[in-house]
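Sequence positions, counted from 1, serve as the residue numbers for this chain. Whatever order the structure lists them in is the order used to number ligands and atoms, beginning at 1. The figures here come from the full heavy-atom set of this structure, side chains too, leaving out hydrogens, waters and symmetry mates.
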Amino acid sequence: MLNDKTVVLGVSGSIAVYKAADLASKLTQAGAKVNVIMTESATRLVAPLTFHSLTDRPVVTSMWQAREAGIGHITLADTADIVVIAPATANTIARLAAGIADDMLTATVLATRAPVIIAPAMHTNMFRNQITQDNLARLRARGFTIVGPARGRLASGATGEGRLVEIGEIIDAIEKTLQKSADLSGKRIVVTAGGTQEPIDPARHIGNRSSGKMGFALAEAARDRGAEVTLITAPSHLPEPGGVAVVRVTTAAEMKAAVAKAVKQADALIMAAAVADYQPKSRAQAKIKKQSPEMTLELVRTPDILSEVTGSFIKVGFAAESEDLVANAQKKLKQKGLDLIVANDITEPESGFGADTNKVTMIDKEGNAESLPLMSKREVAERILDKVAGMGENPP
Ligand code: PMT
């Protein structure tokens with residue numbers, strides 16, 4: 001797994017830095033090209049020459065030194081198959097979570113498309129501090145893998161959570177992540193996101209509260225696992241994910257046409273979009289004036305995209321439910337001919353429309369149900385893609 005892989009090993013200034021030398025050595029022995037980047041504090045604890053001797057490659061200690069050595073400020077980001085930060089101090093984690101890029105390590109992490117693993121090491125109180133916990137949650141939600149920390153004796157002499165995990169555990173995480181980062185390689189995945197808008201007149205529409213976050217998280221996660229992704233999105237304020245073909249639509253009818261076109265070559269369609277079920281029978285050409293105290297708007301059904309789309313690809317739907325979650329989702333799974341349905345409990349706080357987190361139950365066509373705890377939408381996306389990748393081995 002590690003042979004010929006390019007690993008960026010980021011080393012920050014924790015006393016556990018000496019263990020990173022062992023990690024660099026083991027990765028090198030396994031055939032990886034290990035490019036070490038040290039923060040300024042790390043260089044005070046272990047000399048860069050140690051890593052240079054173990055990896056037989058230049059060690060970067062600042063952007064300016066890198067430039068003098070002919071290494072551009074994003075070269076290491078571009079060439080990495082994986083970035084591992086071990087040990088990661090509370091300070092480095094905070095700077096990464098804030099998107100700071102004022103040294104070679106943080107700039108590399110901000111610029112890379114490669115998966116990132118973080119192995120924290122710090123005093124228990126720093127780790128338990130809500131600020132550090134929030135920073136880690138933020139990074140996790142962006143798709144970073146956090147390994148550890150472990151419990152044990154700390155540099156202060158106290159015992160508690162905060163020790164760097166064993167090097168074997170970090171290597172396991174690297175191998176698993178590398179495996180996952182390629183498990184959708186060569187697959188074409190179409191994802192829908194956001195809430196469609198059905199115009200009433202030039203000023204108004206029927207819409208819903210979908211932000212697009214769930215669909216965008218799916219598109220980003222699929223891209224990071226090697227898939228070629230088309231994201232068909234109804235209006236959303238989220239920034240377009242890089243490396244994904246984005247198709248913008250407004251109405252259910254437009255989404256249907258875009259889906260029909262995109263699935264021609266697809267291996268899977270995942271519909272996280274909240275598609276309007278009804279649209280105004282006709283669209284007024286001019287803004288409707290207020291007249292009588294009551295007015296009636298005549299609505300007709302929109303096309304049911306999932307039910308009507310055909311082809312030999314894996315079909316995944318969502319079901320936003322406020323009651324009888326599993327039973328209603330199962331009904332939709334059958335009605336729409338799906339391979340998997342993600343039942344979305346929209347009564348839970350922090351779940352469903354607009355939230356950064358989600359609580360779902362995944363149900364397959366054999367009736368197997370798996371309920372997941374509340375987790376970030378990115379983590380939910382990864383779990384859905386685990387299922388899709390598994391089905392890809394035995395396509396429908
Ligand atoms: O965008 P976020 O703010 O992150 O919120 C995420 C979400 C709550 C919108 C998402 O997780 C979700 O649950 N999406 C599906 C919402 C929904 O409209 O469910 P539904 O039960 O009405 O539809 C069932 C399935 O059929 C869905 O996959 C839907 O995309 C699809 N559908 C629905 C109607 C229609 N006319 N055509 C369809 O294809």
Any nitrogen or oxygen of [X] lying under 3.5 Å from a nitrogen or oxygen in ligand 1? Just yes or no.
X    : result
I305 : yes
S210 : yes
M271 : yes
A319 : no
M214 : yes
K377 : yes
A274 : no

Please state which part of D277 comes within less than 4.0 Å of ligand 1, counting heavy atoms only: side chain, backbone, both or neither.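 Side chain only.
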At under 4.0 Å between heavy atoms, is it the side chain or the backbone of A272 that contacts ligand 1, or both, or neither?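 The answer is the backbone.
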Run the numbers for me: atoms of ligand 1, each under 4.0 Å from some heavy atom of [X], listed by number.
X    : answer
G212 : 1 (O), 2 (P), 3 (O)
N344 : 8 (C), 10 (C), 11 (O), 12 (C), 13 (O)
A276 : 36 (N)

Please check if any side-chain donor atom of D134 sits under 3.5 Å from a side-chain acceptor atom of Q130, or the reverse. yes
